Amino acid sequence: MQIVNISDGKETDPFRLLQSTLRDRWQNIEGSTNSDVDILVVPSLSIDQRELRKVEGYEHYEERLLFSLIRLWNPRNRLIYVTSVPLHPSIIDYYLQLLPGIPFSHARNRLLLLSTYDSSLKPLSQKILERPRLLNRIRQALRLDKSFMICYNTTPLESELSLKLGVPLYAADPKLQIWGTKSGSREIFAESGVPHPDGSQRVWSAEDLAQAAAELWERQPTLTRMVVKLNEGISGEGNALLDLRPIAEFAPDGNSSHAQRVAAISDCLPKLRFQAKQETWENFSERITELGAIVEAFVEGEIKRSPSVQGRITPLGEVEILSTHDQILGGPDGQIYLGCRFPADKAYRMQLQQLGLKVGKKLAEKGALERFGVDFIAVDRGNGEWDFQAIEINLRKGGTTHPFMTLKLLTNGRYDLSTGLFYSQQGRPKYYIATDNLHKERYQGLLPNDLMDIIAQHRLHFDTGTETGTVFHLMGCLSQFGKLGLTSIGDSPQQAEEIYNKVVKVLDEETSGNNSSNFPSFSEYTFPTIWDGFSC
């Protein structure tokens with residue numbers, strides 16, 4: 001595996017001193033055969049809560065880190081999983097049954113489930129900090145010299161929780177989260193020499209946004225569209241499209257002045273095409289003053305894809321490339337994350353790896369740790385050439401994290417940098433389609449036990465013998481929202497597609513008496529079929 005060593009100096013900050021203990025525990029964190037660690041999982045979505053509410057079913061996204069239970073495959077590891085509200089027992093049983101070669105009861109005895117019993121709109125980490133007795137119970141349950149904590153993303157809440165427990169946090173220092181914002185991502189791209197769309201620095205008002213958009217238009221007079229992004233938006237839900245065509249008369253190559261151009265753009269801002277449902281200019285403009293925003297050139301192209309590359313920075317300062325994906329996007333203008341397929345097209349996955357390594361090196365120089373992902377827009381220029389524009393950095397776990405980690409932990413396989421493929425221990429390349437957004441009104445009312453019945457009856461579960469099948473998640477979303485997550489794993493792209501399509505077909509048939517929805521499949525968003533036109 002390609003790695004880069006980044007050395008750092010001595011630390012005096014209490015949090016970073018605690019973090020330095022990760023270096024001594026790294027081999028155990030990796031899950032070697034001699035692993036003997038306590039893993040505290042705090043799946044807190046410590047992001048702007050008003051932005052989070054744009055994601056339907058966000059209340060159940062704490063389930064996305066349940067792949068971590070697979071770490072119990074090692075008979076010495078113990079795991080504590082904390083949630084805002086208790087998890088349904090069937091969901092826990094489902095994950096523990098996936099463990100290869102470990103008796104269910106043995107794994108269950110090494111798992112401690114805790115809950116704050118608080119469904120309010122606050123980050124889970126904050127809820128834990130507000131409950132001293134729960135904090136004490138967590139601390140007493142951990143072997144502090146053999147523990148580490150993992151989370152969805154890091155903020156001062158997570159660092160405070162880490163310090164109060166005396167448990168190092170396997171994640172980036174909250175002070176570095178600026179590099180995971182829209183404006184911070186652009187800085188990293190510029191410093192690392194990675195191509196990215198022309199755009200602005202962060203602005204804090206609608207007036208400054210109009211000014212920045214006018215300056216961008218003047219730099220690129222042929223632009224017809226721009227993207228406005230809240231600096232801390234998630235999954236594309238904080239994006240909006242600015243269409244310049246209705247005000248083409250104010251284009252820089254005409255007779256209009258800069259001031260007229262700014263005024264025309266200002267008039268257009270309330271008419272932005274928002275990607276999030278029910279978003280309004282009144283709310284969006286208020287968010288600009290609170291979070292900041294940027295404006296970028298919209299990447300045009302007849303044939304476009306949205307690949308991403310994932311990597312990590314170890315406590316030893318090593319930069320590793322973990323995977324590449326082709327993302328599946330939806331929403332009004334194809335900017336909202338719906339799912340992904342692994343691996344990315346072989347036509348450009350090597351190029352993705354190299355660009356990701358550049359970004360990872362720069363993040364490591366800044367002191368970042370653990371997961372990072374980089375999203376791109378790729379435009380087909382013909383003759384096998386693809387133009388890449390980096391869009392943003394996710395300095396946290398994202399939608400492609402849990403599918404890949406589920407594959408890795410289930411098969412105990414390896415990612416091969418020379419091919420960009422993942423091989424199981426039997427030497428078979430593995431492929432998958434994954435989504436957090438299998439979402440149909442007709443699925444509403446299905447309880448977790450109902451889903452288990454359907455999985456068992458139609459044999460939809462993951463088969464540890466063939467290492468193919470489907471792993472389900474976000475099962476808590478089903479009853480209220482009709483929303484489900486899944487990862488369909490196959491020995492070929494075609495088999496992964498067949499497995500995925502079978503799941504959808506069975507669920508549709510089992511709920512045929514319910515109210516139907518015309519919610520489109522992945523293929524209706526971007527591509528004729530899930531894998532059509534992609535080579536392996």
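Predicted, not measured: the structure shown is a model, and the values here were computed from it. Numbers for residues simply follow the sequence, beginning at 1.
- Looking only at side-chain heavy atoms (C-beta outward), S44 and C151 stay at 4.5 Å or farther from each other.
- N437 places no side-chain N or O within 3.5 Å of a backbone atom of H439 that could act as its donor or acceptor partner.
- Here the side chains of K229 and Q275 are not in contact, with every heavy-atom distance at 4.5 Å or above.
- Contact annotation: the side chain of L242 approaches that of L244 to within less than 4.5 Å [non-hydrogen atoms, C-beta and beyond].
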- [ ] Would you sort out whether K127 and S84 count as a side-chain hydrogen bond (donor to acceptor under 3.5 Å, both in side chains), showing the intermediate values?
- [x] CA-CA 8 Å; K127 297 172 186 177; S84 293; 2.9 Å; yes
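- No side-chain heavy atom of W217 sits under 4.5 Å from any side-chain heavy atom of V262.
- The distance from atom CG of L352 to atom CH2 of W386, rounded to the nearest 0.5 Å, is 10.5 Å.
- Proximity of a side-chain donor or acceptor of Q327 to a complementary backbone N or O of D375 within less than 3.5 Å is not detected.
- With respect to D387 and R381, a salt bridge is recorded, a charged nitrogen being found less than 4.0 Å from a carboxylate O.
- To the nearest 0.5 Å, atoms NZ (K366) and CD1 (I188) are separated by 5.0 Å.
- Outside the 6.0 Å centre-distance limit, the rings of H402 and Y152 are not counted as a close aromatic pair.
- Aromatic ring pairs are classed by plane angle as parallel below 30°, tilted from 30° to 60° and perpendicular above 60°; the pair H325 and Y432 is tilted.
- Using cut-offs of 30° and 60° for the angle between ring planes, the Y415 and F404 rings count as perpendicular.
- Each of K397, R396, R312 was compared with E370 under the salt bridge (charged side-chain N to carboxylate O under 4.0 Å, His left out) criterion, and only K397 meets it.
- Counting heavy atoms from C-beta on, the side chains of L272 and V228 come closer than 4.5 Å.
- Closest approach of P315 to L369, counting heavy atoms only: N-CD1, 3.5 Å.
- Applying the side chain to side chain donor-acceptor pair (under 3.5 Å) criterion to S308, with sequence neighbours excluded, gives Q310.
- Residues K408 and L322 are not in side-chain contact: their nearest non-hydrogen atoms beyond the backbone lie 4.5 Å or more apart.
- Checking side-chain atoms of R186 against main-chain N and O of Q201 turns up no donor-acceptor pair under 3.5 Å.
- In this structure a side-chain-to-backbone donor-acceptor pair under 3.5 Å is missing from R273 to D243.
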Open item on the list: Determine whether W281 and L269 satisfy the following criterion, side-chain contact (heavy atoms from CB on, under 4.5 Å), listing intermediate values before the conclusion.
Closed with: CA-CA 8 Å; W281 170 244; L269 290 180; 3.7 Å; yes
- [ ] Applying side-chain contact (heavy atoms from CB on, under 4.5 Å), run through R225 and R245 and close with a yes or a no.
- [x] CA-CA 8 Å; R225 292 185 285 181; R245 289 168 291 190; 3.8 Å; yes
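- Taking a 6.0 Å sphere around CG of D253, one finds it holds more than 12 heavy atoms contributed by other residues, nucleotides or ligands.
- Between E296 and K182, none of the side-chain N atoms (NZ, or NE/NH1/NH2) sits under 4.0 Å from a carboxylate O, so this pair counts as no salt bridge.
- The shortest non-hydrogen separation linking P195 to L355 is CD-CD2, 4.2 Å.
- Formation of a donor-acceptor pair under 3.5 Å by the S183 side chain with backbone atoms of R202 is not found in this model.
- To the nearest 0.5 Å, atoms OG1 (T401) and CG (N394) are separated by 8.0 Å.
- Distance alone, capped at 3.5 Å, is enough to place a donor-acceptor pair between the E158 side chain and the T155 backbone.
- Note: T435 OG1 to L338 CG = 6.0 Å, rounded to the nearest 0.5 Å.
- Checking side-chain atoms of Q19 against main-chain N and O of D173 turns up no donor-acceptor pair under 3.5 Å.
- Listed here is the closest heavy atom pair of S306 and I377: OG-CD1, 3.8 Å.
- Y500 has its side chain within reach of L438: a pair of non-hydrogen atoms, C-beta onward, lies under 4.5 Å apart.
- For N383 (side chain) and E385 (main-chain N/O), no donor-acceptor pair under 3.5 Å exists by modelled atom type.
- A 4.5 Å side-chain heavy-atom check between V309 and F376 finds at least one atom pair inside the cut-off.
- Across every non-hydrogen atom of V41 and S68, the tightest pair is CG2-CB, 4.0 Å.
- Between the side chain of S256 and the backbone N or O of Q260, no donor-acceptor pair lies under 3.5 Å.
- Side chain of Q351 to main chain of Y348: no donor-acceptor pair is present (N/O by atom type, distance under 3.5 Å, no hydrogens or angles).
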Task: Full working for side-chain contact (heavy atoms from CB on, under 4.5 Å) between F422 and S323 - done: CA-CA 8 Å; F422 184 91; S323 64; over 6 Å; no
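- Distance CD1/I294 to CD1/I288: 11.5 Å, rounded to 0.5 Å.
- One finds the CH2 atom of W179 at 9.0 Å from the CG atom of L363 (value rounded to the nearest 0.5 Å).
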